[in-house]
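Working notes for the structure below.
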Amino acid sequence: MNDQKRKIAVLGSTGSIGTQALDVISRHPDRFEAYALVANNQVDRLLEQVRRFKPEVVVIANESKYTTLKEALSDLPVKVWAGAEAIEQVVQDTEIDIVLTAMVGFSGLKPTISAIKARKTIALANKETLVIAGELITRLALENRTAVLPVDSEHSAIFQCLNGEGGNEIEKILLTASGGPFRNFSMSQLQQVTREQALHHPNWNMGAKVTIDSSTLMNKGLELIEAKWLFDVNPSQIEIIVHPQSIIHSMVQFKDRSIMAQLSLPDMRMPIQYAFSYPERISSDVKPVNFFELSTLTFERPDTKRFRNLSLAYKSIEKGGNMPCIMNAANEIAVELFLQEKIGFLQMSDLIEQTLTKTVFIQNPSLEDYIQTDTEARNIALETSKRHQVAKFPGSDF
């Protein structure tokens, strides 16, 4: 790596990925600098981060929090901005080398596009960006010769397995899943799952949205779509394997049937650091795997009847167009409603499926189409839930 520090914009600095990214930066102050911090609502945590890391720029997405933030930082020489447009502008700063996109959901799309057009290296932690508009994002990255480096542990694992393989043909991607906390629950048990139960993940420390997605296996559905675009493979070449121990983070099978795997203890700081330091590997304080302490590594097929979100994701990416965008929007609403205890655990899949059947399908969407689709799908999901029409559609094929 060159001697100059890499200046990083952390989008979503107060969230789970953002705080772990700042931990990585703090452990390598000679290599990395937090140049810009962007958060949505959490002013107090953002203030703590600004005072510790002293970035050049700080942005709060919620404009109503601007005055509070500006006044609290009046003693520091830091630029304070607010609003969605400010986020799109800050990533274009000529000083920035890497943009970590760790904002949750649809909100990460426009800043990522802006950063790609400004030819920044993208450390992609916002999987929804590729789910919503994978074709558009990959085309823009190619046109602007911008590197998109995956931060998800699974996609980082695949990326690492492909290093040095040149043009060797991928036969299959083996995408691992922990299975979440309910992998052994029956349908009747799943009907009774509470918000508190779903927010407790057995292996990973994540934000609320990602934790719920993991419990429904939607997280793996989103990652399936993301992998299709990141690694230019067909959905049929991606096999999901439930691996409860979360030691193998994913594997790649080549046409000679050799399989490469990446292993480490479940700690998001490792893939974050790799994206920041790539192509170099640098020292880490993540605990190494002790194979003598591992009793066993197990593998299972996912159950798409109990966890229907996975089959909805496969159908969405196979149909293409704006269908994954519809699925993502409906899922974001479903997760919100579940967290508010307005719908049950299994009703999330029902609501997503109904939204997929009711929202206008567009085969070749533009960016404006994606934005309109997101709004339309959210409105349909909310209206469906309000009318108490969330019911299972057996055998529905949107």
Between [X] and [Y], do the side chains contain an N or O donor and an N or O acceptor separated by less than 3.5 Å?
{"X": "N379", "Y": "E383", "answer": "no"}
{"X": "N322", "Y": "T373", "answer": "yes"}
{"X": "S156", "Y": "H249", "answer": "no"}
{"X": "N62", "Y": "S64", "answer": "yes"}
{"X": "S13", "Y": "Q49", "answer": "yes"}
{"X": "S236", "Y": "N234", "answer": "no"}
{"X": "S16", "Y": "Q20", "answer": "yes"}
{"X": "T298", "Y": "T296", "answer": "no"}

Do T146 and N144 pass the side chain to side chain donor-acceptor pair (under 3.5 Å) test, and can you show the C-alpha distance, the side-chain angles, and the key distance before you say yes or no?
CA-CA 5 Å; T146 302; N144 290 281; 5.3 Å; no
Please test I25 against V10 for side-chain contact (heavy atoms from CB on, under 4.5 Å), starting from the C-alpha separation and ending with a verdict.
CA-CA 10 Å; I25 291 170; V10 182; 4.3 Å; yes
With the side chain counted from C-beta on, respond yes when [X] and [Y] share a heavy-atom pair under 4.5 Å apart, and no when they do not.
{"X": "F276", "Y": "V151", "answer": "no"}
{"X": "V50", "Y": "L47", "answer": "no"}
{"X": "F159", "Y": "V148", "answer": "no"}
{"X": "L312", "Y": "E353", "answer": "yes"}
{"X": "I362", "Y": "Q372", "answer": "no"}
{"X": "P266", "Y": "Q245", "answer": "no"}
{"X": "V99", "Y": "L11", "answer": "yes"}
{"X": "I132", "Y": "F106", "answer": "yes"}

To the nearest 0.5 angstrom, please state how far the CD atom of E223 sits from the OG atom of S153.
6.5 Å
For the pair [X] and [Y], find out whether any cationic side-chain nitrogen is under 4.0 Å from an anionic carboxylate oxygen.
{"X": "D152", "Y": "K127", "result": "yes"}
{"X": "R45", "Y": "E48", "result": "no"}
{"X": "E95", "Y": "K7", "result": "yes"}
{"X": "D303", "Y": "K305", "result": "no"}
{"X": "R378", "Y": "E332", "result": "yes"}
{"X": "D267", "Y": "K287", "result": "no"}
{"X": "K220", "Y": "E154", "result": "yes"}
{"X": "E300", "Y": "R183", "result": "yes"}

Under the side-chain contact (heavy atoms from CB on, under 4.5 Å) rule, what do Y314 and I240 come out as? Steps first, then yes or no, please.
CA-CA 11 Å; Y314 268 110; I240 293 170; 4.0 Å; yes
Minimum-distance pair of heavy atoms, taken over all atoms of [X] and [Y]:
{"X": "I343", "Y": "F338", "answer": "O-CD1, 3.4 Å"}
{"X": "V242", "Y": "G179", "answer": "CG1-CA, 3.8 Å"}
{"X": "C161", "Y": "M260", "answer": "SG-O, 3.4 Å"}
{"X": "A275", "Y": "I98", "answer": "O-CD1, 4.5 Å"}
{"X": "D93", "Y": "K120", "answer": "O-NZ, 2.7 Å"}
{"X": "H243", "Y": "I248", "answer": "NE2-N, 3.1 Å"}

Step through the shown structure and confirm whether more than 12 heavy atoms of other residues, nucleotides or ligands are within 6.0 Å of [atom1] on [X].
{"X": "K110", "atom1": "NZ", "result": "no"}
{"X": "D232", "atom1": "CG", "result": "no"}
{"X": "E135", "atom1": "CD", "result": "no"}

In chain order, what residues pass the ring pair (Phe, Tyr, Trp, His ring centres under 6.0 Å) check against Y274, with sequence neighbours excluded?
Y278
According to ring pair (Phe, Tyr, Trp, His ring centres under 6.0 Å), who are the partners of F182, at least two apart in sequence or on a separate chain?
F185, F345
Return a table of donor-acceptor pairs under 3.5 angstrom between the side chains of residues 85-92 and protein atoms on other chains or two or more places apart.
from	atom 1	to	atom 2	distance (Å)
Q92	NE2	E88	O	3.2
Q92	NE2	S114	OG	2.8

Residues at least two apart in sequence or cross-chain that pass side-chain contact (heavy atoms from CB on, under 4.5 Å) with L136, listed by chain then number, are I113, A133, R139, L140, L367, Y370
Before giving the answer on side-chain contact (heavy atoms from CB on, under 4.5 Å), spell out for I17 and M268 the whole-Å C-alpha distance, their side-chain angles and the decisive distance to 0.1 Å.
CA-CA 7 Å; I17 296 293; M268 280 306 299; 3.7 Å; yes
Output side-chain donor-acceptor pairs under 3.5 Å for residues 165-175, partner residues at least two apart or in another chain, one line each.
from	atom 1	to	atom 2	distance (Å)
E165	OE1	N168	ND2	2.9
N168	ND2	E165	O	3.1
E171	OE1	Q253	NE2	2.5
E171	OE1	R257	NE	2.5
E171	OE2	R257	NE	3.1
E171	OE2	R257	NH2	3.2
K172	NZ	E239	OE1	2.8

Is the positively charged end of K5 above the ring of F32, judged by distance under 6.0 angstrom from the centroid and angle within 45° of the axis?
no
Evaluate Y35 against I8 for side-chain contact (heavy atoms from CB on, under 4.5 Å), listing each step before the verdict.
CA-CA 5 Å; Y35 184 88; I8 300 169; over 6 Å; no
Taking only residues two or more places apart in sequence or in another chain, which ones pass salt bridge (charged side-chain N to carboxylate O under 4.0 Å, His left out) with E226?
none
Which of these passes side-chain hydrogen bond (donor to acceptor under 3.5 Å, both in side chains) with Q273: H28, R31, R27?
H28
Using the side-chain hydrogen bond (donor to acceptor under 3.5 Å, both in side chains) definition, which of the options N219, N309, N331 pairs with D213?
N331
Sidechain-backbone polar pair: Q189 side chain, S186 backbone, donor-acceptor under 3.5 Å
yes
Do D350 and R308 pass the salt bridge (charged side-chain N to carboxylate O under 4.0 Å, His left out) test, and can you show the C-alpha distance, the side-chain angles, and the key distance before you say yes or no?
CA-CA 9 Å; D350 298 329; R308 287 167 44 231; 2.7 Å; yes
